[in-house]
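What follows is a single structure, written as structure tokens, with notes after it.
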Amino acid sequence: MFHKVESKVVFSQMEENVLRFWQQNNIFEKSVAIREGAPHYTFYEGPPTANGQPGIHHVLSRTFKDVICRYRTMQGYHVPRKAGWDTHGLPVELEVEKSLGFNSKSQIEEYGIAKFNQLCRESVLGYVKEWKAMTERVGCWLDMEHPYMTMDDEYIESCWWILKQLWDRELVYQGYRVTPHCPRCGTSLSSHEVALGYKEDTDDPSVYIKFRLCSSSRGGQKTPLRAIIGDVPREDMPVYFLVWTTTPWTLPGNTALAVAPDVEYSVMKGDEEYLILAATLVHRVGLAGYEQVETVCGEDLVNLYYEPLFDPHDFAVECRSLPSLAVETERESRAYPVVGAGFVSTEEGTGIVHIAPAFGEIDLGVGMANNLDFVQHVDLSGEIKGTFSFAGRFVKEADPLIIGELQERGQLYKSERILHTYPFCWRCETPLLYYAKKSWFIKTTEVKSLLISGNEEVNWYPQYIKHGRFGDWLENNVDWAFSRERYWGTPVNVWCCRMCGHLECIGSVKELRLKPGVSRLKTPLNLHRPYVDEIVFTCSQCGGEMERVPEVVDCWFDSGAMFLAQWHYPFENSDKFKGNFPADFICEAVDQTRGWFYSLHTISVLLFGKPSFRNVISLGHLVDDKGEKMSKTRGNVVDPWKLVGDYGADAIRWYLLASSPAGNVHRFSTQKVAEAMRKTLLTLWNVYSFFVLYANIDHFVPRHIDGREESFSLPEIDRWIVSELNYLIAEVSDVMDEYDPTAAVRRIEKFVDCLSNWYVRRNRRRFWKSGNDDDKQAAYTTLHYCLVTLSRLMAPFAPFLSEEVYRNLVCAVDTDAAESVHLTDFPVADHTKVDLPLMRATRLIMIVCSLGRAARAKAGIKVRQPLARIVVGVDSREEEEALQKLALHVKEELNVKELEIVHGQIPDEMPGYVTLGEGERSVAIFTELSPELLSEGISREIVRYIQNMRRVAGFEIADHIITYFQTDAVVIKQVMRDFADYISQETLSDGGVVEDFPPDDAHDEKCRISGSEILLAVKKVA
RNA sequence: GGGCCAUUAGCUCAGUUGGUUAGAGCACGGUCCUGAUAAGGCCGGGGUCUGUGGUUCGAGUCCACAAUGGCCCA
């Protein structure tokens, strides 16, 4: 016997029972363990940042990961999946800062780094707990008992090892990196933080500055410029480049001008000077009193030199050379070059761009590429250094002073104001400065071609990411600035000598312990700041004291190192690392393209020259029902716990999988979760409860649960559903192998619909009928086989419902069976059972039935009323045969006595018929009703009334009853007599259908049937 | 400001390499059926396929530009 199944089900309760079963019986652990020794399928968990409550969008990626891993497990692969948590990084620090009410780094240092980092650790552990609970509840199987944590000392040591490898290959260097910097808070801001603080309509200076062409530099022998202006330098007719800027305070840092090589520039002659600017911008700048004497190509301006506005040596400011950063000694005369650059715009300004490598990312890039000077005349608090007349001022206060000075010197062409968008600090509203800071870099550009060729081996879903977003990103690769001036992170493992500046990279704890003169190594060891900062040792070069550099490592480096750091490789688990590299599958949201996908790929390519993953699903984001981003501030985030309670995890999973393909943006809709539950899961549940209900009544015992042939041959319709099922298995396997679970669940949905609304609907009588013949056995066997197979097929997608169905339909009757559906194998399609002609034939009769019902509606005759004949037009021999073979279903479904087949279209007008056509196909029903047909119609009407009354009276399906009736109508009396057997059989009126007054304890109702009244009553018999 | 993606019915989505009158589900209105069903059938309303140009005998589909939204980077 199967356990009784209620047709009313609360999925969340059912799921919690299943969860308990999994936990108590370690089903997840077993599902991995039983595949030990089988081919490996490696999954890498992209570690979620344990910062903030998990939302519905996190359920999305967890679902996709879980589905693929479960699928592969059931296919026989060994799929261990270690959970991981990204524990370091700025978001964690910001959260703690907020809770302490801090808004600057100095406050953290006053508070104490040790205490601060302890709070970060606690904060992370708190969120990890929340995440674990959510992960478990939505049925995402991960080994969360043995996760990797990026903050563990072992993990950090592996990161150190990686950096040491790169250091030894001279791929690590110190350089400058331009970051948005808040001069008040004294800290760099992440791009996320910058995005929080953009202000439109910021009022700033808009100034046009004249840079004087060096008299010795008028181009080569035959340049167009020389031709215009002449060979002999004329002091009274100087040549200027006209340059536009909104940040005058950066002008003392100017060391080059950039032009667009392929743009036309005008040489404008005025009374006392020549001005050069882009030809298309002359009118916008408004050069009254100047006339164009010639045009030159941008190319011809490149390599000309101009006089600095502020020579750094005149104002006691350090000047370094890029890219070496060597401090320059004084030179006699200084001139700066004009360079060509692709980014120069002719949309605004003058088409000649002021370059200050210390104050802009593009500027720094130009500086590195052209070996420019690097002049940083502003300190981190935004104050101007040196001996300028405006030194000691905050940069924004210096702006008007600089403009004034240039005006006095005659180098200001025009000064205006402009309203534009500018970033401010989101905490203190101070304008941000783009500022070059020292940073540690990994020379990823060295392996750029390997990054690109490695990507060729990766299978991306959706495909366009490969050569689109990810490929482009690799093509434009720049060295990875991997250090951060923060506290809670993997410390950069480089020590620097205080005396001679000698640098040394430490690759392991052991190496550190063995350093000569090492001191302040505490036990137990803690590799975090501030403890690691205290460790010093003796310099091998000069005997001075080596101390650690202050930076920590970018947390993207941490997570990208997981493929080896999760095993503490190479210090232990060498076999595990090797057995799990590269990954067969990873999956994250699309924002990880330049995050984890990149860091994982890059570290692997740097170390081993090859990629670390083979297949990757990049998920689109989940947005709210209006298509807008979910965020706390908008208040449109969806709480997964509420949904789980209302609809269950399977419904959420099913919805997330089915609603749109992985790469697309998903609009989240609670209504659609409800729909997924109703339409597919509940429908399946009802087929299941229907089966169990009748199977138990008949004491059905499945003899084979593998779909093998019974001793009797299966009827056509059973072979049909078995065929559909095997076809489905093949389709689902195919699309799953292509990493497309969306296609898989959409196909399953169609099958469930067919199973319920055709197979069960058409076969109800086979289950109801009394007796226990072969046909009934075939029906039970077939439906049981379908449900059990479906439970295995759906197990990766709807793990709870599948488990429930499997446990009851298999485990309850077979003690030898695997205890969980998740320990079974994924179904394999049996192609010998796929009968395509039969499937086509069935589809044909479905259409014919649909047309027939429409014809009935058109004629206004209920389906309950039998009709004498239907005529169906077919257009091929195959269709005719199909229809003949399955005529019984058409006749039953449409309640007609005869089915006639004709070739070609049926004429629109046939006496006595109602005709309906759709495209090539047409049907006609004969609508004249004989007295016999009418009587039969009445009998069916009566049956329907009695069935309704049984239900209203609260009888069980198998309850036997007596039916009483009273009526004056002769016709009805006659029907009750003629159809007594039929009525009694249909309504289980074994006690008889008697014409009598019902007893008081019977349930009675007055009914109207074809214009006459009848009193009907039902009563249970013992 | 740049790159990538998306835009098809009120909502969520299908629409092969261009080829009849653009489909499904949900929702809505009507009606029928029903002792598995929270379901199902039938009929119906609802579309300038975001817009503008172009290529073509023919464009939802290919190209260009624009708008809106999302993501990434400035």
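Labels below follow one simple rule: chain letters A, B, ... track the order of the sequence lines, proteins then strands, and each chain is numbered from 1.
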- [ ] Starting at the 5' end of nucleotides 1-17 of chain B, put B wherever the base has a protein heavy atom under 4.0 Å, S where only the sugar-phosphate does, and a dash everywhere else.
- [x] --BBS-----BSSS---
Open item on the list: I'd like to check the side-chain hydrogen bond (donor to acceptor under 3.5 Å, both in side chains) partners of Arg469(A); sequence neighbours left out, ordered by chain and number.
Closed with: none
Open item on the list: Run the side-chain contact (heavy atoms from CB on, under 4.5 Å) test against Ile717(A) and tell me which residues pass, sequence neighbours left out.
Closed with: Trp720(A), Trp758(A), Tyr759(A), Arg762(A), Asn763(A), Arg766(A), His889(A)
- [ ] Only counting residues at least two apart or in another chain, list the ones meeting ring-ring contact (aromatic ring centres under 6.0 Å, His included) with Tyr176(A).
- [x] Phe374(A)
Open item on the list: Filter on salt bridge (charged side-chain N to carboxylate O under 4.0 Å, His left out), then keep only pairs touching residues 353-363 of chain A, sequence neighbours left out; what's left?
Closed with: none
Task: Touch class at under 4.0 angstrom, heavy-atom based, for Tyr688(A) against every strand present - done: nothing
- [ ] Working to the nearest 0.5 Å, report the span between OG1 of Thr444(A) and CG of Asp479(A).
- [x] 4.5 Å
Task: Selected nucleotide, minimal atom distance to Lys8(A) side chain, candidates rC42(B), rC71(B), rA38(B) - done: rA38(B)
Task: Under the 3.5 Å Watson-Crick or G-U criterion, the dot-bracket string of RNA chain B, with | for inter-strand pairs - done: (((((((..((((.....[...)))).(((((.......))))).....(((((..]....)))))))))))).
- [ ] Return the nearest nucleotide to the side chain of Val623(A); candidates are rG40(B), rG70(B), rC42(B).
- [x] rG70(B)
Open item on the list: For a quick check of understanding: with a heavy-atom distance under 4.0 Å over all strands, which category does Gln947(A) fall into, base, sugar-phosphate or nothing?
Closed with: base
Short N/O separations, protein against nucleotides 29-33 of chain B, under 3.5 angstrom:
{"residue": "rC33(B)", "atom": "OP1", "partner": "Arg864(A)", "partner atom": "NH2", "Å": "3.2"}
{"residue": "rC33(B)", "atom": "OP2", "partner": "Arg864(A)", "partner atom": "NH2", "Å": "3.1"}
{"residue": "rC33(B)", "atom": "O5'", "partner": "Arg864(A)", "partner atom": "NH2", "Å": "3.4"}

Open item on the list: Counting the atoms with a prime plus P, OP1 and OP2 as sugar-phosphate, which does Ser756(A) contact under 4.0 Å by heavy atoms, base, sugar-phosphate, or nothing?
Closed with: base
- [ ] Could you list the residues that satisfy ring-ring contact (aromatic ring centres under 6.0 Å, His included) with Tyr688(A), not counting sequence neighbours?
- [x] Trp685(A)
TODO: For Tyr647(A), check ring-ring contact (aromatic ring centres under 6.0 Å, His included) against everything at least two apart and list the hits.
DONE: none
TODO: State which residues pass ring-ring contact (aromatic ring centres under 6.0 Å, His included) with Tyr945(A); sequence neighbours excluded, sorted by chain then number.
DONE: none
Task: Sugar-phosphate, base or nothing in reach of Val760(A), heavy atoms under 4.0 Å - done: base
Open item on the list: What's Leu682(A) touching, base or sugar-phosphate or nothing? Going by heavy atoms closer than 4.0 Å.
Closed with: base
Task: For Tyr982(A), side-chain contact (heavy atoms from CB on, under 4.5 Å) partners two or more places apart - done: Ser939(A), Arg940(A), Val943(A), Phe979(A), Glu986(A)
Task: Test side-chain contact (heavy atoms from CB on, under 4.5 Å) applied to Leu693(A) - qualifying residues, sequence neighbours left out - done: Ile957(A)
- [ ] Would you kindly say whether Asn455(A) and His601(A) are connected by a side-chain donor-acceptor distance under 3.5 Å?
- [x] no
